[in-house]
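Sequence lines set the chain letters: A, B, ... in the order given, protein chains first and strands last, and positions in each chain run from 1.
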Amino acid sequence: MAPRSGEAAVVVCRRTLLARAALRAWRIAAGRGTFRARFAACLSHRSRRRTKRAVAGRTSLKKYQLALAAAIAEHVGVAAQDLLPSFGVPPKAEQGDISFGAFAIARAAKKDPRAVAAELAQKSFAPRWVERCTAAGPYVNFFLDRGEFAQDVLRDVAAAGSDFGKGRNGAGRTIVVDYSSPNIAKQLAVHHLRSTMIGNALVHLHRALGYQVVGVNHLGDWGTSFGKLLTAWARFGGSLEQKPLAEHPQPIELLNDLYVRFHEKAKADSTLEDEARRWFHRLEQGDTVARDRWKQIRDASWQHFERIYRRLGVSFEEVIGESFFEDRMPAVIAELERLELLEESDEAQVVALPGTELPPALIRKKDGATLYATRDLAAAEYRWERWHFDKCLYVVDAGQALHFRQLFGVLRRMGKPYVDRLQHVDFGILRLPVDGSWVRGKTREGQVVLLEHVLDRARDLAREKILEKNPELKEIDEAAEAVGMAAVIFADLKARRTRDVNFDLEQITSFEGETGAYLQYTHVRFCGILRNYSGATSAASQGRHLATPEETALLKEIASFPAAIERAAVEAEPSILSQYLLGVASLFNNFYAAHRVLAEDPAVAADRVTLVRALRTVVANGLAILGIRPLERM
RNA sequence: GGCCCUGUAGCUCAGUGGAUAGAGCACUAGCCUCCGGAGCUAGGUGUCGCACGUUCGAAUCGUGCCAGGGUCACCA
């Protein structure tokens, strides 16, 4: 039966298996003179104190690097494009804002990079936001004019509005994302979370870049195990004679029981297996009774899935199960035969994969039945014909890596033009704490942990915590649900996807440190500040008053948002965005502790409110892309 | 045994060939007359698994080892 959820032995499954002193200095300087002087006062203070590592710089100020590259290219004989990799961020903020390593130029000119840097630092550069630059060894460090830079960034945000961060690289392109893909007749278990949320984030990331995105839920709804289920239905499903499956209070549990009973009885009664084969044959032949019951199972399962998908904010453009491809199987086999790729091996039919280290791909069993791989061949062909995709991602756990390598290998031998557009987006397993160690998705008793129970528990823990902190909150139900889901989703997407996730609900919902709740709280603070501000923000002066180190750090991080989205999509790695958002939140909280947004000076307050509004856009968009619904109160 | 993934602070993890490798948790001490303290500040630990190589420069690239996990045809 079904495909992508691993653990086939246990669960018959498919594709899835988680400065106050600085402020004082600023105020003193504010009494006299320019913003630059104020900033210099802050800087000189800051150079005395030990500064925190710059969080900014994990992503790039791409736009500013491009402009600087063009400006530098005018002075040297190297193309601007080739200079881009030489940009970076100085290790300490007081050393500058953007660094440029002179290594590439030095190599081309056969000179000492330090000499090149020193020479380059003497030149002048066009962009208004370049204040000055200095040579530091083989590096040229550029200092931004804080006010100009702030205005430039906020202008960009204002121009893009709530679309800030989104791009156009994917315009006119189509991407298919195969994700979640559970088996029907089973409940969603906690291990399904990974494919579902990683896939969902990839859908949103690509949509943000302008791609037409087709999210596909490739349900495991076909296979010999349905013969077993139908056998059990006929033999032990007494209550199903009285009323249809959908009218039972817990249809999926009922199906589980039937399945278990089949296996219990089959141990003693070998005729059951034969009966199961006959039932599956009836299903394949389109027998009315078999077909009707199978459809009932499918519908009841989908109802259960949808309830959970809705809580997680997940939806699909196409829900096409394996059953859909059953009648496309002969065409695939015929094509393989025509291409003379099929070979007999131990009575089964396989496609060898010469030139690779891969074992042959099994296409047809000795009893003639097709397999998972065969259905995936048909599905790939169908998707290509229908969508002519630029990319097709299979968000499936790393345990199926060999399957996909073989699948792609067969398609390559078939000469399919789209084979290089297919990508297996693999990920590690989700582990739960059991008796002090980490166990793969199961309880101590070996039971599968239901996703719905995990979501309920997360919501309840969130509720307790919110009530403790904010007993007055009216929208407690909404907030508890949103914070609970945020905790679960962020725990899944925080680390690089190939890592295993240690999923400890207590830890995830502790709401301290790098958690979904911390990000929600940060967003809630933005909203609170904006609610409290009654003044006007004028577009004309936006940003000129933003010159403290904390503000500049935030603006740099805001300016890096589009690059973070792009890189996360290109690398199919949502954690790049997760880590970025943690950086924004951390920088904001630094700023917030050091400065009042609603400052006495109305001009300063107006600019800071504009900054907070930009931050709210960034964090709200970022959370939404990860699949987290940003809250306004909690 | 072959192939794949992982190995960075006590724990969980960031880290784009570049400057002195850094966050969260945990532990200690501070910070609410002030926009929400789910926060902030300060305090310290590293043979970046090991070795060799490539490079002006390696946690990052290559090769070989070691350790843990996954996977290796008639399941999906």
Side-chain angles (χ1 to χ4, degrees), chain A residues 1-9 11-15 19-20 50 52-53 55 57-60 85-86 88 90-92 95 99 101 103 106-107 112-113 136-139 183 220 223-225 322 345-350 357-367 369 371-373 375-376 397-403 405-406 426 428-429 440 465-466 468-470 483 494-496 498-500 502 504 507 510-515 517-518 520-522 524-525 528-533 567 575 579 582-583 585-586 589-590 592-599 605 608 612 633-634:
Chain A
M1 144 176 178
R4 322 266 193 236
S5 314
E7 304 177 56
V11 190
V12 187
C13 301
R14 194 179 156 92
R15 287 204 212 259
R20 288 189 197 284
R50 293 172 61 183
K52 206 176 156 178
R53 170 190 79 106
V55 179
R58 283 194 279 215
T59 51
S60 70
S86 301
K92 291 196 175 187
Q95 290 172 291
S99 71
F103 307 102
R107 193 162 34 239
D112 181 350
Y139 294 92
N183 294 315
T224 46
S225 68
E322 291 187 278
S345 172
D346 290 343
E347 294 176 70
Q349 290 184 298
V350 303
E357 293 158 323
L358 304 174
L362 188 59
I363 299 299
R364 190 137 71 160
K365 302 201 281 186
K366 56 184 160 197
D367 66 4
L371 291 119
Y372 184 39
R375 278 167 234 142
D376 262 343
D397 71 277
Q400 294 190 46
L402 179 60
H403 163 73
R405 290 174 68 194
Q406 290 179 305
D426 61 340
I429 61 170
R440 180 180 187 142
K465 197 78 179 184
I466 294 167
E468 189 184 305
K469 301 280 181 182
N470 189 357
V483 173
K494 180 179 151 191
R496 248 173 24 232
T498 49
R499 300 194 89 96
D500 293 344
N502 293 334
D504 181 353
Q507 205 171 304
S510 78
F511 299 176
E512 275 168 21
E514 302 174 330
T515 63
Y518 170 68
Q520 285 284 27
Y521 180 64
T522 303
V524 163
R525 274 183 154 179
I529 291 165
L530 295 174
R531 274 197 302 270
N532 290 338
Y533 182 67
R567 201 158 74 85
S575 70
Q579 296 291 331
L582 288 174
S586 169
N589 282 312
N590 291 344
Y592 185 81
H595 308 286
R596 273 190 69 81
V597 175
L598 306 178
R608 287 183 178 165
V612 170
R633 296 171 206 264
M634 66 189 272

Tell me: CD of Gln400(A) to C1' of G70(B), nearest whole Å?
12 Å

If we take the P atom in both G49(B) and A73(B), what is their distance in whole Å?
33 Å

Hey, is the side chain of Ser345(A) pairing donor to acceptor with the base of A73(B) inside 3.5 Å?
yes

When the distance from CG of Asp500(A) to C1' of C4(B) is rounded to whole Å, what number comes out?
13 Å

Classify the nucleic acid contact of Arg107(A) as base, sugar-phosphate or nothing, counting any heavy atom under 4.0 Å across all strands shown.
base

Would you tell me if any nitrogen or oxygen in the side chain of Tyr592(A) comes within less than 4.0 Å of OP1 or OP2 on G37(B)?
yes

How far, in whole Å, is C72(B) from C11(B) if one measures between their C1' atoms?
34 Å

As its Watson-Crick or G-U partner within any shown strand, both distances under 3.5 Å, C65(B) has G49(B)

Determine, answering yes or no, if Tyr139(A) is stacked on A19(B) under the 5.5 Å centre rule and the 30° plane rule.
yes

Please report the distance separating the C1' of A38(B) from the corresponding atom of U33(B), rounded so that it comes out in whole Å.
23 Å

Should Lys365(A) be listed as having a side-chain N or O under 4.0 Å from OP1 or OP2 of C75(B)?
yes

Going from CD on Gln400(A) to CG on Asp376(A), what distance comes out if it is rounded to the nearest 0.5 angstrom?
8.5 Å

Comparing Arg525(A) and Leu362(A) on RNA chain B - which has the more 5′ nearest nucleotide
Arg525(A)

So, does Tyr518(A) get its side chain near the phosphate of A23(B), meaning an N or O under 4.0 Å from OP1 or OP2?
no

What does Ala348(A) touch in the nucleic acid at a heavy-atom separation under 4.0 angstrom: a base, only the sugar-phosphate, or nothing?
base

I would like to know whether Lys494(A) and Gln579(A) meet side-chain contact (heavy atoms from CB on, under 4.5 Å); could you show each step before the answer?
CA-CA 7 Å; Lys494(A) 180 179 151 191; Gln579(A) 296 291 331; 4.1 Å; yes

By the rule that syn is within 90° of 0, classify the base conformation of C11(B) as syn or anti.
anti

Options A23(B), C35(B), A38(B), nucleotide nearest the side-chain atoms of Lys469(A):
A38(B)

Look through every strand shown and name the nucleotide pairing with A23(B) as Watson-Crick or G-U wobble, where both distances are under 3.5 Å.
U12(B)

If I pick the P atom on U45(B) and the same atom on A23(B), what distance separates them, to the nearest angstrom?
15 Å

Which nucleotide wins on minimum distance to the side chain of Arg596(A), given the candidates C34(B), C3(B), G39(B)?
C34(B)

Suppose you measure atom C1' in C31(B) against the same atom in C13(B); what distance do you get, rounded to whole Å?
28 Å

Which of A73(B), A14(B), A19(B) is nearest the side chain of Pro90(A)? It is A19(B)

Could you give the distance from CG (Asn470(A)) to CZ (Arg633(A)), rounded to the nearest 0.5 Å?
10.0 Å

Categorize Leu598(A) for me: base, sugar-phosphate, or nothing, with a 4.0 angstrom heavy-atom threshold over every strand shown.
base

Taking any heavy-atom pair under 4.0 Å as a contact, classify Val612(A): base, sugar-phosphate, or nothing.
nothing

For G36(B), what is the paired nucleotide under Watson-Crick or G-U wobble rules, both distances under 3.5 Å?
none

For a quick check of understanding: with a heavy-atom distance under 4.0 Å over all strands, which category does Asn470(A) fall into, base, sugar-phosphate or nothing?
base

At under 4.0 Å between heavy atoms, what does Tyr533(A) touch on the DNA or RNA strands: base, sugar-phosphate, or nothing?
nothing

Calculate, to the nearest 0.5 Å, the distance between atoms CE and CZ belonging to Met634(A) and Phe511(A) respectively.
6.5 Å

Under 4.0 Å between a side-chain N/O of Asn589(A) and OP1 or OP2 of U41(B), yes or no?
no

With sequence neighbours excluded, what pairs up with Tyr592(A) under the ring pair (Phe, Tyr, Trp, His ring centres under 6.0 Å) test?
Phe588(A)

Rounded to the nearest 0.5 Å, how far does CG of Asp397(A) lie from CD1 of Ile429(A)?
9.0 Å

Using atom P in both nucleotides, what's the gap between U47(B) and G10(B) to the nearest angstrom?
8 Å

Please report the distance separating the P of U41(B) from the corresponding atom of C32(B), rounded so that it comes out in whole Å.
16 Å

Could you state the atom-to-atom distance from CG of Leu371(A) to P of C72(B) in whole Å?
13 Å

Is there a Watson-Crick or G-U wobble partner for G18(B) with both distances under 3.5 Å, and which nucleotide is it?
C56(B)

Students often get this wrong, so: under 4.0 angstrom with heavy atoms, is Ser99(A) touching a base, only sugar-phosphate, or nothing?
base

Can you check the Lys465(A) NZ to G37(B) P distance for me, whole Å?
15 Å

Expressed as a whole number of angstroms, how long is the span from Asn590(A):CG to A42(B):C1'?
13 Å

Could you work out the separation of U12(B) and A29(B) based on their P atoms and round it to a whole Å?
26 Å

In Watson-Crick or G-U wobble terms, with both distances under 3.5 Å, the base opposite U41(B) is A29(B)

For Arg499(A) and Ala599(A), take the nucleotide of RNA chain B holding the closest heavy atom to each; which residue's nucleotide lies nearer the 5' end?
Arg499(A)

Nucleotide opposite G1(B) in a Watson-Crick or G-U pair, distances under 3.5 Å
C72(B)

If you measure from the ring centre of Phe103(A) to the centre of the six-membered ring in the base of G18(B), is it under 5.5 Å, with the planes under 30° apart?
yes

Please state how far atom CZ in Phe511(A) lies from atom C1' in C25(B), giving the value in whole angstrom units.
16 Å

Separation of atom CG in Asp426(A) from atom P in C5(B), rounded to whole Å:
8 Å

Any base atoms under 4.0 Å from Gly137(A), or only sugar-phosphate, or nothing? Heavy atoms, all strands.
nothing

May I ask you to evaluate whether Thr498(A) reaches the phosphate of U6(B), defined as a side-chain N or O under 4.0 Å from OP1 or OP2?
yes

Given C40(B), U6(B), G36(B), the nucleotide with the shortest approach to the side chain of Arg496(A):
U6(B)

What's the separation between atom CZ in Arg608(A) and atom CZ in Arg596(A), rounded to the nearest 0.5 Å?
10.0 Å

How long is the line joining CG of Asp112(A) and C1' of C56(B), in whole Å?
10 Å

Geometric class of the Phe103(A)/Tyr139(A) ring pair [parallel <30°, tilted 30-60°, perpendicular >60°]
perpendicular

Supply the atom-to-atom distance Ser575(A) OG to Leu582(A) CG, rounded to the nearest 0.5 angstrom.
10.5 Å

